[in-house]
Amino acid sequence: MAISPLKAMNGERVVVLIFVLRVLSSLPLALLPHALSLSLLSLFSLVVEIRVDNSPSLFKTRPGASSGIILGAVTLPTVMLSKLIQLSRAVSLQQIEIGELEHMTMQFWAASACSCGVLIFLFIVTWCAANKKNPHFSCSVWDAKFSLSCVILYSVVCCISLATISHTGFNTALKLLWLLCHGFATVKLIQHLLSTFPFCASIGEANLVTSGLVLYFGDMLACTISKVCRLLIPPELVSIRYGIKRSEIGIVIQVVLLGLLIFSAVFKFLIHLWEYFWGANNSESRERKEIWRSLIFLTSLGFIMIAVAPSWMMIVLDFDVHPVPWIFQFIFSEPFKRLSLCIYWLVLIYASVLRFYNISKNSKIERILLRKYYHLLAVLMFLPTLIYQPKFLDLAFGAALAVFLVLEIIRVWRIWPLGQLVHQFMSAFTDHRDSDLIIVSHFSLLLGCALPIWMSSGFNDRPLTPFAGILSLGIGDTMASMVGHKYGVLRWSKTGKKTIEGTAAGITSVLAACSVLLPLLASTGYFLTQHWFPIFIAVTTSGLLEAYTTQLDNAFIPLVFYSLLCL
């Protein structure tokens, strides 16, 4: 028997729909096609989530978490749409060029194409599983007709929107093909992720991660294709332009992440090659083989990060300086402030990690509470820097992400001599949301704080948006967990652990932090354009989502809060 979407609504789904409706209510008329497409995507994802939740388990997802399909499907497109609303205001004020708005429009459609591709894949999988189990299963016919109507109407709206920013029909066809490639790549990547790392993520979390990766590296690929076409094809025959002018810090972060992506593939290939030719030789000791693996690791890492990736940056992005001397030049352009910050960070990290590691080994404090101290540490580290040295913080986040990725590779591959030590150290801070295969909590906290800051670069008429991650995770989530654990009595649901007292404490603490932060920003020269009612709506909605969701809140809450603050 088919389940009505209204009867299947739970707290998480209601809050997500409120979030989407809040963004849609702020759209100008010029973005009406985007509003229609996001509405269709939300309805389609709701139908797919209900079907998946009421079907036998088809994927090895994280235990204890819901599928999170609707949240994972709408988050990234809604973030892009919120940014598009903000850039529309900039165009009307003549603060940016129209090309930047068109680029963000393509990013919105690419993000929605990634989500739509995953939803179509999930619907087909559940449809086939249901028909295989019961050939006379007729209740799915209505779902199929409704879903097909959503997909067709979404495709029509997408074509119309792309035609308005394309000069010829050929350009429109190229853009549609590019979006199809995004959807196909996301489907293949999410299949690989869920099979390679079983029980490590929910479907919604995997959708968010894979869509983000495809979007980010697809942007790099598009830049490369555009540059190659301009170099190989005479300009009188074709003129291909892509993207916008990027900041130097953004380019350096891009090249570091590209280098690590290339390194992961190359290192895996070299290890398999080495084991194929020399691994069968059992005369060598285990220690000697580990040393050879370490040498391969260090050599390939150094070559790719120093030679290969910077070459791409200098050729494709027309960056004239090697990133290593550029980083030193950037730091020593204001040596006292930036070196003092580095020392301040190192002292905080050393003292905190040493203290918390000992507590985690000897104390009976719950891991989830222990990890909230790292959220407070993030506030102490990032909040002052974001106010007084925002550009340096941009670069520092990129460097920290690169270090985390290298350490995770060392841990997973057990690279001698640090692999086992890193694994033991990181295991002291894991909880039920991590696994031995991959530990994601430190990545989600770092990116939860960094992404709102990176996305706020360029035009930004909402001064609180860069602080979305720090406020929601460092203050709101921490206070909600601590107050809820110690004083919480009234629970939001019979099966969940989140309490009304904790949620109220989280919302109140973020509002109090905003009341302190806004005058401070005004004193440092920010022109304040945000009003308290939209801030209250943003804080309350993100707080309720934290209360109801079983997804990895470090990944979703900052993006939702950022989107609402952009309006």
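Atom-to-atom distance recorded for R411:CZ and E408:CD is 4.0 Å, nearest 0.5 angstrom. Here the straight-line distance linking atom OH of Y388 with atom NZ of K337 works out to 10.5 Å at 0.5 Å rounding. From I85, atom CD1 reaches atom CE of M80 across 13.5 Å, with rounding to the nearest 0.5 Å. From W413, atom CH2 reaches atom CD1 of I296 across 10.5 Å, with rounding to the nearest 0.5 Å. Between the CG atom of L346 and the CG atom of L341 there is a distance of 11.0 Å, given to the nearest 0.5 Å. To the nearest 0.5 angstrom, I96 atom CD1 is 12.0 Å from H103 atom NE2.
Side chain of S115 to main chain of L76: no donor-acceptor pair is present (N/O by atom type, distance under 3.5 Å, no hydrogens or angles). Proximity of a side-chain donor or acceptor of S300 to a complementary backbone N or O of F297 within less than 3.5 Å is detected. Looking at T385, its side chain does come within 3.5 Å of a backbone N or O of M381 through a donor-acceptor pair. One N or O on the side chain of T210 and one on the backbone of N207 form a donor-acceptor pair closer than 3.5 Å. The backbone N or O of E97 sits nowhere less than 3.5 Å from a side-chain atom of E100 that would complete a donor-acceptor pair. No donor-acceptor distance shorter than 3.5 angstrom exists from the side chain of S444 to the backbone of A555, with no hydrogens or angles considered. With hydrogens and angles ignored, the 3.5 Å screen pairs no side-chain donor or acceptor of Q551 with any backbone N or O of S202. A donor-acceptor distance shorter than 3.5 angstrom exists from the side chain of S82 to the backbone of S563, with no hydrogens or angles considered. Judged purely by atom type and a 3.5 angstrom limit, K83 uses its side chain to pair as donor or acceptor with the backbone of M455. With hydrogens and angles ignored, the 3.5 Å screen pairs no side-chain donor or acceptor of S211 with any backbone N or O of L208.
Among all heavy-atom pairs drawn from L162 and M106, the shortest one is CD2-SD, 3.6 Å. Between P466 and L386, the shortest heavy-atom distance links the atoms O-CD2, 3.7 Å. For L447 against W454, the heavy-atom pair with the smallest separation is CD2-CZ3, 4.2 Å.
At a threshold of 4.5 Å between non-hydrogen side-chain atoms, the residues L101 and S88 count as touching. Side-chain contact check for Y562 versus C566: some heavy-atom pair is nearer than 4.5 Å. Side-chain contact between C116 and I120: present, with at least one pair of heavy atoms (C-beta onward) separated by less than 4.5 Å. A heavy-atom distance below 4.5 Å is found between the side chains of L122 and F59. Side-chain atoms of F263 and F303, non-hydrogen and from C-beta on, never get closer than 4.5 Å to each other. Within the 4.5 Å cutoff, no side-chain heavy atoms of P452 are placed close to those of F467. Side-chain contact between L176 and C158: present, with at least one pair of heavy atoms (C-beta onward) separated by less than 4.5 Å.
Checking T465 against S456 by side-chain atom types alone, a donor-acceptor pair falls below 3.5 Å.
Relative orientation of the W178 and H182 rings is perpendicular, given thresholds of 30° and 60° on the angle between their planes.
Few gaps surround OH on Y216; more than 12 heavy atoms of other groups in view lie less than 6.0 Å from it. Residue F184 qualifies as open at atom CZ: its count of foreign heavy atoms under 6.0 Å is 12 or below.
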Check against side chain to side chain contact (heavy atoms under 4.5 Å, CB included), R414 and E290
CA-CA 9 Å; R414 299 293 196 272; E290 293 295 331; 5.6 Å; no
Side chain to side chain contact (heavy atoms under 4.5 Å, CB included) evaluation trace for L545 with F19:
CA-CA 9 Å; L545 182 60; F19 162 55; over 6 Å; no
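Aromatic ring centroids of W109 and H34 lie under 6.0 Å apart. Between H322 and W326, the gap from one ring centroid to the other reaches at least 6.0 Å. Aromatic rings of F397 and W345 (six-membered ring for Trp) have centroids beyond the 6.0 Å cut-off, not under it.
R338 forms a cation-pi arrangement with F330, by the criterion of a distance under 6.0 Å to the ring centre and an angle within 45° of the ring axis.
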